[in-house]
Amino acid sequence: MKPQKATSGQLRQHNRQLLLRAVQSGLADNRAALSQVTGLAKPTVSDLIGELLDEGLLIETGHGKSAEGGGKRPRLLEFVPDARQVIGVSVSHSAIRGILTNLNGQISAQHYSLPNGSLLNDLICVVNGLVAQLDAPLLCIGVGVPGKEELPQTLETKLAEHFDVPVYIGNNTELAAVAQFAFGAASEADSLVTVLVNRGVEVGYVLGGSAYHSGGDIGELRLDNGLPLEALLSWSYIYERACQLLEECPHSHLSLDDLSYLTIQHAALNGDACALTLQGEIAAHLGHIFAWIIALLKPEHISLAGNITDMGTALLAQAIEEAKRHFPTQRIQQVAFSLATASTLSATGAVAQALQQELGLNG
Amino acid sequence: MTTHIGIITNNQYGVFQQNVIAGAQAVAARYGYQVLVDSRDEADINSPTTLDLEALGGVLVIANPVPDDFIQSIHQSGKPVSLVSHQIVGIPGVVSNNSEGIAKLVQHLVQECGRRQFVFINGNMAQKDGVERQHVFRQELMRYNLPDAYFLHGDFEPEIAIQSLQAFLAEAPPFDAVVAADYLMARAALGVLAEYGYAVPADVSVVGFGDGVEAAEAALTTVAADVVELGKRSIRQLIGQIQGLSIVGTTVLSVDLIIRETSMNPSRERGV
């Protein structure tokens with residue numbers, strides 16, 4: 001099949017993004033420098049910069065120094081992060097969480113609601129909550145969902161029609177990884193995998209800033225005991241396992257009345273045998289996952305996300321040790337690990353992805 | 001077109017309420033709305049409102065000055081309603097991020113000030129903010145594996161906080177940090193601690209939730225849940241509804257840690 005040529009509109013959009021990104025990242029701050037770093041002709045640069053100035057995405061802030069050979073002093077350009085706002089929403093089985101940010105991903109308000117029937121209607125009501133708080137025109141909307149392939153294809157179109165802005169939909173776990181790449185602790189890594197453990201077990205892979213769309217649900221993978229990961233790491237399984245262990249060790253400080261990842265972590269820190277057993281079993285499963293990921297994808301960074309992060313760094317450290325049982329220690333040690341604890345992670349990733357699509361910005 | 005918005009509150013002259021109302025009035029004026037305030041007697045929350053609800057475009061309710069079922073009846077009549085620092089299922093509202101705020105305060109005290117033995121001055125436990133801030137504080141104690149804290153009655157009233165702290169200090173228990181559910185109670189605690197001979201922050205760190213000029217004047221470490229901003233954001237939510245936006249759920253405002261002089265132990269700060 002012959003590759004299709006880009007239309008003039010696509011080319012113009014690409015060049016606009018190139019220029020905007022160069023100014024935002026500090027690569028160039030005037031028209032001549034932009035022409036140099038992007039390779040675009042000076043008239044093209046002037047034309048597109050004029051457009052970006054008219055739209056308020058850039059401003060002129062004064063004059064810089066003349067070039068060594070003399071000549072006119074260049075007019076300096078600056079990116080305006082507050083010129084537009086972006087809404088990012090993540091949908092989970094328990095809540096719909098939205099954030100309102102500027103073009104640098106800085107959050108000014110959050111809005112959350114419980115799912116209440118129609119996904120489209122729920123999304124509209126949450127986005128409306130943030131539309132009421134807009135301080136600048138809305139540029140676009142990003143939405144993160146669990147298991148994107150199950151969505152009705154019309155959702156994106158209907159939302160875009162309703163709000164009259166572009167809408168971009170992605171998988172929550174991939175977006176969680178995008179968020180960390182764009183705005184988070186892993187921004188230095190070239191490749192990053194996020195393991196999200198909530199109701200299921202999902203993996204999101206980001207390579208060079210873009211979500212790699214072949215990740216997703218690994219919850220059905222089975223371990224040696226024949227049980228799938230999503231069962232072994234589900235809260236209901238952990239609760240059941242805690243019930244069994246509490247029968248065996250009745251003097252445990254754990255209580256089923258307030259059992260949570262946090263109470264297990266707390267009891268484990270205080271040497272509770274039951275909590276330590278639970279922590280060890282969860283770490284063993286996570287260690288398996290980490291080893292598989294390192295063997296298959298060779299990422300620079302792995303982050304663990306979801307409610308399970310309430311079990312803290314002790315769980316992560318133990319899971320890394322467990323991974324070494326399945327894969328050479330040296331290979332495990334080459335990977336950086338972190339906990340991604342923010343509840344707005346996927347919504348932030350939805351913002352990052354939308355910004356990348358719409359303006360070519362990488363956070 | 002209706003040009004009036006109603007605000008129902010208790011004690012409109014309280015610092016918190018005054019600031020919320022000021023923020024709400026500033027934004028309402030920009031949209032051409034005039035604000036009418038019904039300031040309730042806390043001892044008689046069932047008395048009828050002085051507002052002509054029929055004539056209003058919408059109603060803002062600050063905390064819990066009237067029974068929830070009364071607010072629900074206004075909402076069910078089709079009148080736009082927004083709640084400030086309160087939550088009723090099905091009615092939109094605006095709150096400060098209590099979880100983020102308390103977590104930031106405790107993290108600062110533990111990781112940067114080296115504190116471990118905490119006193120927590122509760123807010124009004126009939127209000128969402130009071131319950132949530134205490135709940136999150138307990139969770140953070142667990143996260144950092146800290147010993148049990150002392151919990152004092154405060155009710156979001158500086159006078160009550162002073163009495164509770166005086167009674168507590170009379171027994172001279174060991175502690176090295178005071179976290180108050182609001183900054184006005186934390187400011188009041190500073191006076192009591194000085195009276196009992198505690199040096200702040202050398203002996204005890206003191207922090208509070210929320211921020212205002214009173215906190216800055218007292219050099220108090222806080223999380224800046226800007227109350228005027230809370231008023232502005234909540235009236236924008238209400239006006240959005242009046243203009244036809246269908247909103248469900250709660251808007252949560254971010255909070256930033258503001259480190260001033262009452263938390264950092266100078267010797268620790270120097271790395272001694």
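Reminder, nothing fancy here: chain letters follow the sequence lines and each chain counts from 1.
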**Student:** Heavy-atom cut-off 4.5 Å, strictly under: side chain, backbone, both or neither for A:Asn121 against chain B?
**Tutor:**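 Interface part for A:Asn121: neither.
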**Student:** Which pair of heavy atoms, one from B:Thr251 and one from A:Ala109, lies closest together, and at what distance?
**Tutor:**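 Looking at all heavy atoms of both residues, the shortest contact is CG2-CB, 4.2 Å.
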**Student:** When heavy-atom pairs shorter than 4.5 Å are enumerated against chain A, which of B:Ile239, B:Thr250, B:Asn97 gives the highest number?
**Tutor:**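 Looking at each of B:Ile239, B:Thr250, B:Asn97 in turn, B:Thr250 comes out on top.
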**Student:** Are B:Arg236 and A:Val131 packed together at the side-chain level, in the sense that at least one heavy-atom pair is separated by less than 4.5 angstrom?
**Tutor:** no
**Student:** Heavy-atom distance under 4.5 Å between the side chains of A:His111 and B:Val252, does that happen here?
**Tutor:**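 A side-chain contact is absent here, since even the closest heavy-atom pair is not under 4.5 Å.
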**Student:** For A:Gly129, is there any backbone N or O sitting under 3.5 Å from a side-chain donor or acceptor partner on B:Gln237?
**Tutor:**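 Judged by distance alone, no pair lies under 3.5 Å.
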**Student:** For a quick test of reading the model, state the closest non-hydrogen atom pair linking A:His266 to B:Met142 and the distance between them.
**Tutor:** CD2-O, 3.3 Å
**Student:** Specify which of B:Lys232, B:Gln139, B:Gln243 makes the most heavy-atom pairs with chain A at under 4.5 Å.
**Tutor:**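 Highest number of heavy-atom pairs under 4.5 Å: B:Gln139.
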**Student:** Can you see which heavy atom on B:Gly249 is nearest to which on A:Ser113, and at what distance?
**Tutor:** CA-CB, 3.9 Å
**Student:** Tell me, for A:Ser260 versus chain B, whether the close heavy atoms (under 4.5 Å) come from the side chain, the backbone, both or neither.
**Tutor:** neither
**Student:** Output yes when B:Arg138 and A:Asp258 qualify as a salt bridge under the 4.0 Å nitrogen-oxygen rule, no when they do not.
**Tutor:** no
**Student:** If we only count heavy atoms from C-beta on, is the A:Asn128 to B:Gln241 side-chain gap below 4.5 Å?
**Tutor:** no
**Student:** Chain B: which of A:Asp135, A:Asn270, A:Asp310 shares the most heavy-atom pairs with it under 4.5 Å?
**Tutor:** A:Asp135
**Student:** Counting C-beta onward and ignoring hydrogens, is there a side-chain heavy-atom pair between B:Val248 and A:Val126 closer than 4.5 Å?
**Tutor:** no
**Student:** side-chain contact (heavy atoms from CB on, under 4.5 Å) for A:Ile107 and B:Ser254? Distances and angles first, verdict last.
**Tutor:** CA-CA 8 Å; A:Ile107 298 175; B:Ser254 298; 4.1 Å; yes
**Student:** Which pair of non-hydrogen atoms, one from A:Ser108 and one from B:Leu253, has the smallest distance, and what is that distance?
**Tutor:**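 A:Ser108 and B:Leu253 have their closest heavy atoms at O-CD2, 4.5 Å.
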**Student:** Of the listed residues (A:Val127, A:Ile124, A:Leu262, A:Leu269), which shares the most heavy-atom pairs with chain B below a 4.5 Å separation?
**Tutor:** A:Leu262
**Student:** With a 4.5 angstrom heavy-atom cut-off, could you sort out which part of A:Gln265 is near chain B: side chain, backbone, both or neither?
**Tutor:** side chain
